[in-house]
Amino acid sequence: MLFRSALHGHAGTACEANAAAAGTIAQAVALAQKVVGVLDGAGARVALVARVGQDLSKYQLRFSHFAFAVRDHVEGKWSVVHSLNHCGTDKAGLYVQGLGNFFADDLFAYEAAVLLLPSELQARLEKVLASPAQLRRFHEERYSVVAYPFNTVYQNSNQWCLETLAGSMAPEGDVVTRAEAQRWLQQEGYQPTLLQLNPMTRLGGRMFKANVAFDDHPGEYRWSDRIYVVSVESVFEFLRRRYPHNSQRRIVTLAER
């Protein structure tokens with residue numbers, strides 16, 4: 001069972017809350033119900049669920065953010081556990097949400113990707129997701145949306161999930177710090193996503209957004225317009241390569257707005 005009291009109970013921000021439109025709530029709930037149908041139909045206990053929070057098509061990406069979906073073995077309800085940026089600041093926290101709330105966050109499109117995981121990995125993740133100490137082991141409060149995947153200065157939301165996965169996938173005791181998780185991922189062939197960002201784009205992001213930083217990226221990459229990040233697609237592809245017969249990706253879609 002999730003320790004909600006030890007984490008943020010719902011995904012909030014430091015911004016002034018705005019009431020969601022009734023249509024938005026209805027679509028979020030409908031999408032959540034379809035995702036639950038996929039999860040329950042597969043007999044899953046833990047899975048990865050991604051959403052389309054913004055239009056990333058110019059980077060050839062579809063999904064912007066993913067979380068762990070975990071089923072309460074007593075009540076049978078599904079929750080998501082993920083890291084979220086605090087309203088455009090340079091800080092992030094860990095949150096537990098219902099699936100409906102997860103899809104009610106002003107999405108660009110009402111579409112979800114579900115990655116089903118091998119049973120052994122689900123069992124290991126269940127233990128992690130039930131322990132606040134384990135959840136925080138790989139969490140870094142300093143946030144950058146373009147955090148370099150192999151540096152521990154900052155972290156983006158998808159990176160926390162990936163490093164937590166590494167801690168559960170590696171032999172027990174081999175990966176207990178962020179640096180060890182990143183080394184293990186490199187050794188196991190994880191390939192981050194390359195974004196081609198020119199100097200003006202980088203300068204604009206760094207000057208005007210607190211949640212964007214590039215100083216953790218190696219100079220040889222920055223100065224050649226190569227910015228590597230942890231994306232949903234890169235993580236899902238890594239897992240599909242590692243578990244070719246025991247991971248399945250499902251796409252769940254509602255009408256786009």
Determine, step by step, whether F66 and W160 satisfy the ring-ring contact (aromatic ring centres under 6.0 Å, His included) criterion, reporting the C-alpha distance in whole Å, the side-chain angles of both residues, the deciding distance to 0.1 Å, and the verdict.
CA-CA 10 Å; F66 79 100; W160 171 74; 9.0 Å; no
Could you tell me whether R242 and E188 have a side-chain N and a carboxylate O separated by less than 4.0 Å?
yes
Sequence neighbours excluded, which residues qualify as ring pair (Phe, Tyr, Trp, His ring centres under 6.0 Å) partners of Y143?
none
Pair W78-D72, side-chain donor/acceptor within less than 3.5 Å:
no
Scanning both residues in full, the closest heavy-atom pair of S168 with L121 reads CB-CD1, 3.9 Å
As a quick check of understanding, evaluate side-chain contact (heavy atoms from CB on, under 4.5 Å) for K91 and N85, giving each step before the final call.
CA-CA 6 Å; K91 303 297 181 184; N85 178 223; 5.7 Å; no
Going by heavy atoms in the side chains, are Q97 and H82 under 4.5 Å from each other?
yes
Of the non-hydrogen atoms in T152 and A179, which two are nearest, and what is the gap between them?
CG2-N, 3.9 Å
K77 atom NZ: more than 12 heavy-atom contacts under 6.0 Å:
no
Qualifying residue for side-chain contact (heavy atoms from CB on, under 4.5 Å) with L239, from L162, N246, L117:
L117
CZ (F236) and OG (S247) are apart, to the nearest 0.5 Å, by 10.0 Å
From N101 atom CG to I25 atom CD1, the distance as rounded to the nearest 0.5 Å
9.0 Å
I'd like to check I227 versus L194 (side-chain heavy atoms, cut-off strictly below 4.5 Å). Are they in contact?
no
Nearest 0.5 Å please: distance from the OG atom of S144 over to the CD atom of Q159.
9.0 Å
Run the side-chain contact (heavy atoms from CB on, under 4.5 Å) test on V29 and L99 for me, step by step, so that the C-alpha distance in whole Å, both residues' side-chain angles and the decisive distance to 0.1 Å come before the verdict.
CA-CA 8 Å; V29 170; L99 269 172; over 6 Å; no
Could you tell me the separation between the OG atom of S131 and the CZ atom of R137, rounded to the nearest 0.5 Å?
8.0 Å
If the plane angle is over 60° it's perpendicular, under 30° parallel, otherwise tilted; pick one for Y221 and Y148.
tilted
Just wondering, are more than 12 heavy atoms of other shown residues or ligands nearer than 6.0 Å to CD in E220?
yes
Distance check, rounded to the nearest 0.5 Å: S157 atom OG versus H139 atom NE2?
7.5 Å
Would you say W184 and M169 make side-chain contact, with heavy atoms under 4.5 Å?
yes
Distance-only check: which donor-acceptor pairs under 3.5 Å involve side-chain atoms of residues 42-50, not counting sequence neighbours?
| from | atom 1 | to | atom 2 | distance (Å) |
| --- | --- | --- | --- | --- |
| R45 | NE | E126 | OE1 | 3.1 |
| R45 | NH2 | S119 | O | 3.3 |

Smallest heavy-atom separation, R241 atom then Y190 atom, equals NH2-CA, 4.3 Å
Do we see a donor-acceptor contact under 3.5 Å between the side chains of Q248 and R250?
yes
Nearest heavy-atom contact between V35 and V114 is CG1-CG2, 4.0 Å
So, Q155 versus E163: side-chain donor-acceptor pair below 3.5 Å or not?
yes
Can a cation-pi geometry be assigned to R51 and F102, taking NZ or CZ under 6.0 Å from the six-membered ring centre and within 45° of the ring axis?
yes
Is any side-chain heavy atom of P192 closer than 4.5 Å to a side-chain heavy atom of F150?
yes
With a 3.5 Å cut-off and no angle check, do the side chains of Y154 and D90 form a donor-acceptor pair?
no
